[in-house]
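All remarks here apply to the structure that follows.
Every heavy atom of this structure was used, including side-chain atoms; hydrogens, water molecules and symmetry mates were not.
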Amino acid sequence: TLRKTGLRGQAWVIFEDVAAATAALAAENGFVFFDRPLKVSYAREKSDRVAKMDGSFVPKDRREKRRKREEASAAASGASPAKQAKVAADGTAVSVAVEDPSSLVAPEAAAA
């Protein structure tokens with residue numbers, strides 16, 4: 001049901017002009033919905049949809065963002081992204097840092 005506690009999500013609404021957005025923000029901020037007050041604020045940055053409407057849209061390279069996130073994760077674990085492997089042990093997936101990827105190969109598989 002929708003009546004669970006905790007953070008349930010976010011929504012973004014686009015208005016044609018700032019006056020309409022300001023009126024909606026003032027009217028809805030603090031409105032109690034399922035026993036919790038709504039927290040309404042302006043966007044921190046221009047959304048892709050608004051940028052497309054005003055002609056200033058520049059596509060973002062999401063792969064670059066993912067690569068930077070993986071590098072940061074690898075740096076925190078002490079291994080490079082190429083030296084990380086996901087190993088299934090007893091049905092659960094575990095992320096393990098390894099120095100040599102060939103150490104993941106079972107000895108009988110390496111001999112074949």
Side-chain angles (χ1 to χ4, degrees):
T1 69
L2 291 176
R3 296 182 188 208
K4 293 182 180 178
T5 59
L7 182 65
R8 291 294 301 158
Q10 301 85 30
W12 287 263
V13 180
I14 299 172
F15 290 89
E16 289 293 323
D17 55 40
V18 176
T22 302
L25 185 136
E28 298 300 324
N29 201 17
F31 177 81
V32 178
F33 185 71
F34 287 117
D35 299 325
R36 296 186 66 184
L38 292 178
K39 297 175 185 173
V40 183
S41 62
Y42 292 112
R44 294 187 187 131
E45 60 185 45
K46 189 185 292 189
S47 71
D48 288 350
R49 187 162 305 232
V50 171
K52 286 177 183 178
M53 288 190 324
D54 70 13
S56 63
F57 177 72
V58 177
K60 296 177 182 136
D61 188 0
R62 302 209 189 278
R63 288 176 292 193
E64 180 67 21
K65 187 175 181 180
R66 182 183 305 142
R67 186 186 62 77
K68 287 181 181 179
R69 189 173 50 236
E70 288 172 354
E71 285 177 356
S73 173
S77 69
S80 68
K83 293 184 180 179
Q84 286 186 343
K86 293 198 177 199
V87 179
D90 300 324
T92 60
V94 180
S95 180
V96 179
V98 295
E99 291 300 319
D100 182 13
S102 63
S103 66
L104 296 174
V105 179
E108 58 274 358

What salt bridge (charged side-chain N to carboxylate O under 4.0 Å, His left out) pairs are there with at least one residue in residues 47-58, not counting sequence neighbours?
Lys46-Asp54, Asp48-Lys60, Asp48-Arg62

Kindly write out the residues that satisfy salt bridge (Lys or Arg N to Asp or Glu O under 4.0 Å) with Glu64, not counting sequence neighbours, or none if the list is empty.
Arg67

Ignoring hydrogens and angles, write down the donor-acceptor pairs under 3.5 Å from the side chains of residues 22-34, residues two or more places apart or on other chains.
residue	atom	partner	partner atom	Å
Thr22	OG1	Val18	O	2.8
Thr22	OG1	Tyr42	OH	2.6
Asn29	OD1	Val40	N	2.9

